[in-house]
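Have a look at the structure below, then the notes.
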Amino acid sequence: MTLRLYDTATGEVRDFVPLQTGKAGVYVCGLTVQGEPHVGHVRSAVNFDVLRRWLIASGYEVTFIRNITDIDDKILTKSADQGRPWYNLAYDMKRELDRAYDALHVLPPTYEPAATGHVPEMIELISLLIERGHAYAAEDASGDVYFDVRSWPAYGELTHQGIDDMEAATDADPRGKRDPRDFALWKGWKQDSEPVTASWPAPWGRGRPGWHIECSAMAGKYLGDAFDIHGGGVDLRFPHHENEQAQSRAAGSRFASYWMHNAWITTAGEKMSKSLGNTLSIPGVLQRVRGIELRYYMVSAHYRSHVEFSFEALEEAASAFRRIERFLERVETPTPGALPDAFVAALDDDLGTPAAIAAIHDAIRQGNVHLAADESQAAAEVAGSVAAMLSVLGLDPADPHWSQESSGSTERLTTAVDVLVGVLLDQRQTARAAKDFATADQIRDQIAAAGIEIEDTPAGPRWTLDTSTSSVTEGS
RNA sequence: GGUGGGUUGGCCGAGAGGCGAGGCAACGGACUGCAAAUCCGUCUACACGGGUUCAAAUCCCGUACCCACCUCCA
């Protein structure tokens with residue numbers, strides 16, 4: 001069984017053949033840190049995190065690079081509006097992003113290069129492109145440097161477009177471009193509107209790097225002139241990835257062997273208005289469900305499928321996930337288990353996470369049957385297998401990462417609640433033994449009103465927090 | 001205009017010529033003092049119109065509607 005991946009460049013699912021046996025180099029476009037991360041941003045990160053975990057589980061030694069863009073027009077504009085240095089805004093938002101990644105258990109990359117830390121590499125690359133006749137300094141006084149699209153016949157190959165078929169750029173300002181589709185590799189410093197801290201010296205004058213050149217320079221530095229997989233959101237295919245590939249190849253690199261793009265997650269056809277944007281920010285969504293449940297929701301759809309985000313669907317996914325957790329909780333000590341063939345086949349088929357999750361649910365039904373039949377050994381084996389599958393998807397509830405949030409005081413609180421609920425449950429058991437069911441039910445209702453669910457099991461009653469009732473009501 | 005994708009049961013969401021993915025919800029049954037959890041069962045869907053085929057949700061042609069990208073975007 002070999003891993004097969006959908007490659008945007010060829011438009012088909014094909015066998016993954018790494019450049020070096022047993023190794024995989026992956027570059028994923030991270031974010032421009034200019035605002036609070038929302039569910040859409042994180043979907044990309046989660047999808048490529050699953051890719052990474054699966055490569056590792058399949059025996060690959062993975063080098064995983066995900067950049068951050070910490071200088072661009074928006075950052076400069078926003079920070080100016082907010083009256084603070086651009087690097088402070090970028091840094092704050094970067095920390096916000098880290099928190100979001102962490103909340104979703106997205107593993108830290110091998111390295112996370114920032115654009116501002118790689119200006120010399122970019123200047124070197126731009127110089128090379130100029131030397132080779134694929135880039136030129138603007139024919140006006142802007143100080144910009146552009147990539148010459150017409151000098152690279154393969155331009156458009158990634159997205160299967162011909163230059164002449166592209167809509168003429170409506171962007172009003174052709175500046176000193178030879179062709180409207182030429183894109184900026186270097187942006188000259190605008191003395192009157194941009195802080196000097198946002199500029200770097202270069203052979204063609206002070207300025208800052210264009211967006212596309214960043215990724216080419218950083219991917220080249222950390223993964224070499226040829227690497228296996230380049231990923232990002234669908235919207236990045238053009239122009240970002242097309243441009244990246246063109247400039248890297250024009251500079252003599254082979255660049256990525258496979259291009260993977262995740263689909264969008266959107267809301268009911270509406271634009272992300274301010275109010276919607278707020279509720280879809282990661283901290284906002286995490287007031288409704290736990291991070292592990294949000295991750296399950298994202299993983300339960302295929303990464304190339306467009307997802308229409310809704311809290312209803314999210315809650316539904318959370319319910320499904322709780323079924324998984326309940327099974328795991330009922331098994332005392334899982335025996336380390338292997339990944340079922342169906343699960344492996346699912347992920348090998350272009351990361352078929354929905355089928356992989358179906359395999360998990362199949363195992364759980366089987367495990368529940370074992371539990372019902374009091375076959376604890378068999379159940380423990382199933383639980384081990386389930387845990388192994390969940391772990392590959394970053395969804396193992398037993399992973400210490402997920403309990404990180406509960407600090408020592410939370411643990412003590414849990415213990416305290418356990419004792420208190422225990423007292424009530426003892427009273428209820430006494431009432432039940434006396435067949436005083438009215439009292440027994442009254443006690444259960446009181447406990448339920450506090451958000452705690454009671455289950456009577458052969459081993460006695462047990463309580464769990466009722467996570468399905470949202471602790472937070474929607475604001476108006 | 002160009003490029004890419006979509007329309008699946010009450011809902012979410014897979015599949016991509018034949019074998020009822022999976023989940024959520026609902027309903028019936030078992031279990032329970034009653035519940036909950038769990039198990040068993042029920043709900044047999046693929047936008048529309050043609051065509052190919054022994055066989056089509058899946059392939060082909062056409063129609064409708066939707067979305068993304070071609071400008072910053074995960």
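Naming: A, B, ... by sequence-line order, numbering from 1 per chain.
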task: Find the partner of B:rG1: check Watson-Crick (N1-N3 plus N6-O4 or O6-N4) and G-U wobble (N1-O2, O6-N3) distances, both under 3.5 Å, and reply none if neither fits.
output: B:rC70
task: State yes or no: are the ring centers of A:Y222 and A:Y27 separated by less than 6.0 Å?
output: no
message: Just checking A:H212 against A:H241, ring centres under 6.0 Å apart?
response: no
task: For B:rC46 versus B:rA21, give the span between their P atoms, rounded off to a whole number of Å.
output: 13 Å
- prompt: Which value, in whole Å, describes the distance between the P atoms of nucleotides B:rU3 and B:rU71?
  reply: 16 Å
task: Verify whether the ring centers belonging to A:F183 and A:Y146 lie closer than 6.0 Å.
output: no
message: Using the P atom as the point on both nucleotides, what is the distance between B:rG41 and B:rC60, in whole Å?
response: 37 Å
message: I'd like to know if the side chain of A:H240 pairs up with that of A:E244 as donor and acceptor (distance under 3.5 Å, no hydrogens or angles considered).
response: yes
- prompt: Does the base of B:rA36 carry an N or O that pairs as donor and acceptor with the side chain of A:R444 under 3.5 Å?
  reply: no
query: What does B:rG62 pair with, Watson-Crick or G-U, if both distances are under 3.5 Å?
result: B:rC48
- prompt: When the C1' atoms of B:rA47 and B:rU7 are considered, how many whole Å apart are they?
  reply: 6 Å
Centroid separation A:H306 to A:W264 less than 6.0 Å: no
message: Please name the nucleotide paired to B:rG10 by Watson-Crick or G-U wobble geometry with both distances under 3.5 Å, or report none.
response: B:rC24
query: Rounded to whole angstroms, how far apart are CG on A:L104 and P on B:rA74?
result: 16 Å
task: May I ask you to evaluate whether A:H41 reaches the phosphate of B:rA74, defined as a side-chain N or O under 4.0 Å from OP1 or OP2?
output: yes
field: Residue pairs passing the salt bridge (charged side-chain N to carboxylate O under 4.0 Å, His left out) test where at least one lies in residues 294-306 of chain A, sequence neighbours excluded
entry: A:D49-A:R295, A:R304-A:D350
- prompt: Mind checking the P distance from B:rC65 to B:rC48? Whole angstroms is fine.
  reply: 16 Å
statement: Whole-Å distance, A:E312 CD to B:rC24 P, equals 17 Å
message: Return the CG to CZ distance between A:L223 and A:F255, rounded to the nearest 0.5 Å.
response: 9.0 Å
Please write out each protein N/O paired with an N/O of nucleotides 37-41 of chain B under 3.5 Å, distance rounded to 0.1 Å.
| from | atom 1 | to | atom 2 | distance (Å) |
| --- | --- | --- | --- | --- |
| B:rA37 | O3' | A:R326 | NE | 3.1 |
| B:rU38 | OP1 | A:R326 | NE | 3.4 |
| B:rU38 | OP1 | A:R326 | NH2 | 3.2 |
| B:rU38 | O3' | A:N368 | ND2 | 3.3 |
| B:rC39 | OP1 | A:R323 | NH2 | 3.1 |
| B:rC39 | OP1 | A:N368 | ND2 | 3.2 |
| B:rC39 | OP2 | A:R323 | NH1 | 3.3 |

P gap between B:rA55 and B:rC19, integer Å: 14 Å
field: Parallel, tilted or perpendicular, as decided by the 30° and 60° cut-offs, for the rings of A:F311 and A:F309
entry: perpendicular
field: Contact nearer the 5' end of RNA chain B, comparing A:H160 with A:A263
entry: A:H160
- request: Measure from the side-chain heavy atoms of A:Y6 and tell me the nearest of B:rG23, B:rG5, B:rC70.
  value: B:rG5
statement: Here the distance between atom P of B:rU3 and atom OH of A:Y155, to the nearest Å, is 16 Å
Min side-chain heavy-atom separation A:D418-A:W463 under 4.5 Å: yes
field: Spacing of the P atoms in B:rA57 and B:rG17 (rounded, Å)
entry: 13 Å
- line: Minimal heavy-atom distance between A:R43 and A:M298, with the atoms involved, is CA-SD, 3.8 Å
task: For A:N243 and A:Y155, test the side chains for any donor-to-acceptor distance below 3.5 angstrom and give the result as yes or no.
output: yes
statement: Picking from B:rC69, B:rC12, B:rG22, the nucleotide nearest the side-chain atoms of A:E316 would be B:rC12
- prompt: Rounded to the nearest Å, what distance is computed from the CG atom of residue A:L76 to the C1' atom of nucleotide B:rC72?
  reply: 13 Å
field: Proximity to the side chain of A:S319 - top-ranked nucleotide from B:rC67, B:rC24, B:rG2
entry: B:rC24
message: Nearest to the side chain of A:D235, heavy atoms from C-beta on, is which of B:rG13, B:rA74, B:rC70?
response: B:rA74
field: Residues within residues 350-358 of chain A bordering RNA chain B, heavy-atom distance below 4.0 Å
entry: A:P354, A:A358
- request: Please determine, for B:rA30, whether a Watson-Crick or G-U wobble partner exists with both distances under 3.5 Å, and give it or none.
  value: B:rU38
- request: Give A:T457 one of three labels, base, sugar-phosphate or nothing, depending on what nucleic acid heavy atoms sit under 4.0 Å from its own.
  value: nothing
- prompt: Across all strands shown, which nucleotide pairs with B:rC19 by Watson-Crick or G-U wobble geometry, both distances under 3.5 Å?
  reply: none
message: Would you measure the distance from the P atom in B:rA16 across to the matching atom in B:rG29 and give it in whole Å?
response: 39 Å
- prompt: Between the base of B:rG33 and the side chain of A:D441, is there any donor-acceptor pair under 3.5 Å?
  reply: yes
- request: Rounded to the nearest angstrom, tell me the gap between atom CZ in A:F183 and atom C1' in B:rC70.
  value: 14 Å
- prompt: Of all the nucleotides listed (B:rA14, B:rA74, B:rC70), which has the minimum atom distance to the side chain of A:S44?
  reply: B:rA74
- request: Give the C-alpha distance, both sets of side-chain angles, the deciding distance and a yes or no for side chain to side chain contact (heavy atoms under 4.5 Å, CB included) between A:F64 and A:Y111.
  value: CA-CA 7 Å; A:F64 190 91; A:Y111 186 57; over 6 Å; no
statement: The nucleotide from B:rU3, B:rG4, B:rA14 with an atom nearest the side chain of A:R237 is B:rG4
